[in-house]
S.K.: 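Encoded as structure tokens, here's the structure I'll be asking about.
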Amino acid sequence: MKIQARIFKGARDFFPEQMLHRERILQVMRTTFKKYGFAPLETPAIEYLDVLTGKYGEDADRLIYKLNYKVGQKDEAALHYDLTVPFSRAVAMQTDLPLPFKRYQMQPVWRADRPQPHQGRFREFYQCDADCVGSESMIIDAEMIAITYEILSQLNIPDFVIKINNRKILNGITQYIGLDNSHVSEVCNAIDKLDKVEWNEVEKDLIDKYIAATSIEKLHQLLIKDLSLDLLKTELNSIEIAQQGIAELQELFSYLAIFNIPETHYKFDISLARGLDYYTGPIFETKLPKHPHMGSLNGGGRYNGLIASFGGKDIPAVGTSLGLDRIFTAMQQLNLLDDVKTSTKVLVGNFGEVTLAASLKLVTDLRANNINTEFYPDADKLKKQFGYCDKKKIPFMCIIGEEEMIANVITLKNLQNSEQTKLSLTDLIVRLK
RNA sequence: GACAUGUUAGCUCAGUUGGUUAGAGCAUCGGUUUGUGGUACCGAGGGUCAUGGGUUCGAGCCCCAUACGUGUCCCCA
């Protein structure tokens with residue numbers, strides 16, 4: 001009985017033409033993370049379920065992939081939903097870690113979401129995180145934004161904007177409109193939505209959530225003013241928590257200026273809320289304003305209480321997370337990826353038994369010189385061997401037929417310009433290096 | 001979860017008010033050319049029209065059900 005070949009919804013296979021690009025993107029990230037002093041770290045794909053739940057918020061908790069193993073028992077397992085929570089769990093377990101500690105981590109994560117590939121949304125995807133634990137300094141928050149900016153710039157992503165806000169400001173606004181902290185998420189949600197829909201829609205939502213009319217009106221009056229950070233500071237002068245949040249962002253922005261991050265690529269955005277519960281301070285998210293359908297390329301922020309929630313020391317933390325799959329999808333849609341199918345530089349043709357040993361010796365010599373070399377395994381017609389070379393966009397082909405073997409030379413053909421020459425092995429190696 | 005929409009060859013799709021034997025492009029393989037690709041020409045293979053039922057003299061097309069997919073919203077990387 002044959003089983004239909006099919007792939008899990010929201011998961012993907014990556015063939016070389018995609019993987020070569022994905023590896024390059026990861027390499028840019030890795031290099032940049034190291035440049036800023038982050039060291040590599042990995043945690044398991046699998047965690048105990050109770051380590052993950054209650055950190056992200058109700059909606060997100062439902063999207064955690066639970067593993068069907070000892071359901072309901074204390075050691076019920078799940079696939080990790082992000083890298084921040086497992087990292088925090090690991091830090092909480094490592095009592096003698098010298099602080100501040102900076103790590104980067106690039107691994108797949110899983111979410112039981114409805115996939116929307118066009119928007120770069122999948123069930124299995126790579127997160128590439130840099131986090132620092134053990135410092136409250138806004139310098140670190142600024143570094144997170146700087147590193148995000150540097151990576152996206154190096155990948156030549158045009159016109160991205162890092163939106164920045166502060167949870168303390170959102171808490172302050174909630175107080176300002178006369179609600180207690182239990183309503184922060186409703187308020188955030190409403191503000192966040194305002195990006196996409198009209199006020200009356202947002203108002204309707206808030207009414208549905210039993211928010212008092214006076215609070216809704218006060219929120220409307222505040223948002224309609226579209227205040228700059230400075231003016232917001234005056235408006236919210238009686239709210240202590242908001243004052244703190246604004247001061248933090250002003251400090252953060254002063255560091256971004258010193259780090260030479262162009263102002264075109266970041267901005268204060270009061271409508272940025274972020275859904276995950278664990279954020280406590282500055283938050284940020286990267287969007288492509290010219291491609292609003294595409295989900296955010298990056299998200300991050302400060303999460304000072306998370307590590308303490310695992311017991312033990314209360315260690316402050318901040319991090320940035322770049323979405324490999326979002327970035328890759330955006331680059332595909334923006335036509336930023338060349339048509340690469342292989343990393344092979346030269347194909348050595350196969351002329352059959354008489355010349356086989358000479359051809360294989362050539363293959364060995366080329367590889368010994370670090371030239372990426374592929375040997376065509378069957379003595380097919382040359383037409384077919386050239387066709388293979390062409391289809392895989394291998395730039396060069398070498399031939400040792402009987403003529404070449406007698407003359408002790410190698411024919412080298414450049415597939416791009418069709419030039420063909422006979423060379424000695426030494427000259428060939430020089431040419432291909 | 002809500003709404004919309006789709007399923008015909010390996011892939012992308014066409015298929016008229018229901019009417020003979022199911023169409024194209026690309027891809028694959030072969031030939032023109034047994035030591036030369038990307039161009040050209042010739043030829044070949046490849047389809048229980050998602051599944052099950054119904055209407056009809058007759059269904060890829062109409063009706064019902066099921067499965068699966070896709071898009072948007074919500075939320076996110």
S.K.: Whole angstrom is fine here: how far is it from NZ in A:Lys413 over to P in B:G38?
M.R.: 10 Å
S.K.: Which part of the nucleic acid does A:Phe351 contact within heavy-atom distance under 4.0 Å: base, sugar-phosphate only, or nothing?
M.R.: base
S.K.: Please give the nucleotide sitting opposite B:U17 as a Watson-Crick or G-U wobble pair, both distances under 3.5 Å, or none.
M.R.: none
S.K.: Hey, mind stepping through A:Glu403 and A:Thr411 against side-chain contact (heavy atoms from CB on, under 4.5 Å) and telling me if it holds?
M.R.: CA-CA 10 Å; A:Glu403 292 169 26; A:Thr411 295; over 6 Å; no
S.K.: The side chain of A:His118 lies closest to which of these nucleotides: B:A77, B:G31, B:U72?
M.R.: B:U72
S.K.: When you match A:Gly299 and A:Glu402 each to their closest nucleotide on RNA chain B, which lands nearer the 5' end?
M.R.: A:Glu402
S.K.: Using heavy-atom distances to pick each residue's nearest nucleotide on RNA chain B, tell me which of A:Gln127 and A:Asp390 is more 5'.
M.R.: A:Asp390
S.K.: Check if the side chain of A:Gln420 and the base of B:U36 share a donor-acceptor pair of N or O atoms closer than 3.5 Å.
M.R.: yes
S.K.: Now, which nucleotide makes the Watson-Crick or G-U wobble pair with B:G1, with each of the two distances under 3.5 Å?
M.R.: B:C73
S.K.: With a 4.0 Å limit, can you tell me whether A:Lys9 has a side-chain N or O closer than that to the phosphate oxygens OP1/OP2 of B:G69?
M.R.: yes
S.K.: Under a 4.5 Å cut-off applied to non-hydrogen side-chain atoms, are A:Leu170 and A:Val187 in contact?
M.R.: no
S.K.: What distance, rounded to whole Å, do you find between the two C1' atoms, one in B:G18 and one in B:G60?
M.R.: 10 Å
S.K.: State the pairing partner of B:G45; accept Watson-Crick or G-U wobble contacts with both distances under 3.5 Å, and report none otherwise.
M.R.: none
S.K.: Indicate, with a heavy-atom threshold strictly under 4.0 Å, whether A:Gly349 touches base, sugar-phosphate, or nothing.
M.R.: nothing
S.K.: When we call it a touch if two heavy atoms are under 4.0 Å apart, what does A:Gly295 touch: a base, just sugar-phosphate, or nothing?
M.R.: base
S.K.: Please find out if less than 6.0 Å separates the ring center of A:Tyr266 from that of A:Tyr149.
M.R.: no
S.K.: Can you tell me how far P in B:G47 sits from the matching atom in B:A24, rounded to whole Å?
M.R.: 15 Å
S.K.: Return the value, rounded to whole Å, for the distance between atom CZ of A:Arg111 and atom C1' of B:A77.
M.R.: 6 Å
S.K.: On a whole-Å scale, what distance lies between the P atoms belonging to B:C49 and B:U21?
M.R.: 14 Å
S.K.: Does a side-chain N-to-carboxylate-O contact under 4.0 Å join A:Asp325 and A:Arg22?
M.R.: yes
S.K.: Would you check if A:Arg89 and A:Thr43 make a side-chain contact, meaning some heavy-atom pair closer than 4.5 Å?
M.R.: yes
S.K.: Using the P atom as the reference point in each nucleotide, state the distance between B:C74 and B:C62 in Å, no decimals.
M.R.: 34 Å
S.K.: How many whole angstroms separate atom CZ of A:Arg114 from atom C1' of B:C68?
M.R.: 12 Å
S.K.: Would you find more than 12 non-hydrogen atoms of other residues, nucleotides or ligands less than 6.0 Å from A:Arg367 atom CZ?
M.R.: yes
S.K.: With a non-hydrogen cut-off below 4.0 angstrom, is A:Leu297 in contact with a base, only sugar-phosphate, or nothing?
M.R.: sugar-phosphate
S.K.: Can you tell me how far C1' in B:A59 sits from the matching atom in B:A22, rounded to whole Å?
M.R.: 13 Å
S.K.: Could you measure between the two P atoms, the one in B:C57 and the one in B:U5, and give it in whole Å?
M.R.: 32 Å
S.K.: Using a distance-only criterion (donor-acceptor N/O pair, under 3.5 Å, no hydrogens), is the base of B:G35 paired with the side chain of A:Glu404?
M.R.: yes
S.K.: Is there a Watson-Crick or G-U wobble partner for B:A27 with both distances under 3.5 Å, and which nucleotide is it?
M.R.: none
S.K.: Rounding to an integer number of Å, can you tell me how far A:Ile399 CD1 sits from B:U36 C1'?
M.R.: 6 Å
S.K.: Could you give the CD1-to-P distance, from A:Ile406 to B:G35, as a whole number of Å?
M.R.: 14 Å
S.K.: Between the base of B:U36 and the side chain of A:Lys383, is there a donor-acceptor distance below 3.5 Å?
M.R.: no
S.K.: Side chain of A:Lys384: nearest nucleotide among B:C29, B:U36, B:C75?
M.R.: B:C29
S.K.: Rounded off to whole Å, could you give me the CD-to-C1' distance for the A:Gln119 and B:C74 pair?
M.R.: 11 Å
S.K.: With both distances under 3.5 angstrom, what nucleotide forms a Watson-Crick or G-U wobble pair with B:U55?
M.R.: none
S.K.: Check the distance between B:U36's C1' and A:Tyr388's OH and give it to me in whole angstrom.
M.R.: 17 Å
S.K.: Does A:Gln116 put a side-chain nitrogen or oxygen below 4.0 Å from OP1 or OP2 of B:U72?
M.R.: yes
S.K.: Using a 4.0 Å heavy-atom cut-off, does A:Gln416 contact any base of the nucleic acid, only the sugar-phosphate backbone, or nothing at all?
M.R.: base
S.K.: Describe the nucleic acid contact of A:Asp82 in one word from base, sugar-phosphate, nothing, applying a heavy-atom distance below 4.0 Å.
M.R.: nothing
S.K.: Counting only side-chain N and O atoms of A:Lys391, is one of them less than 4.0 Å from OP1 or OP2 of B:U28?
M.R.: yes
S.K.: Please report the distance separating the P of B:U16 from the corresponding atom of B:A50, rounded so that it comes out in whole Å.
M.R.: 15 Å
S.K.: Verify salt bridge (charged side-chain N to carboxylate O under 4.0 Å, His left out) between A:Lys392 and A:Glu374, making sure each step is shown before the conclusion.
M.R.: CA-CA 11 Å; A:Lys392 281 187 70 171; A:Glu374 189 172 344; 3.4 Å; yes
S.K.: Calculate the interatomic distance between A:Leu347 atom CG and B:G38 atom P; express it in whole Å.
M.R.: 15 Å
S.K.: Now, which nucleotide makes the Watson-Crick or G-U wobble pair with B:A40, with each of the two distances under 3.5 Å?
M.R.: B:U32
S.K.: Using Watson-Crick or G-U wobble geometry with both distances under 3.5 Å, which nucleotide pairs with B:U66?
M.R.: B:A50
S.K.: Please work out if A:Gln385 contacts a base, only the sugar-phosphate, or nothing of the nucleic acid, heavy-atom cut-off 4.0 Å.
M.R.: nothing
S.K.: Determine the Euclidean distance between corresponding C1' atoms of B:U20 and B:C68; express it in Å to zero decimal places.
M.R.: 34 Å
S.K.: Answer yes or no: is there an ion pair linking A:Lys66 with A:Glu76, defined by an N-O contact shorter than 4.0 Å?
M.R.: no
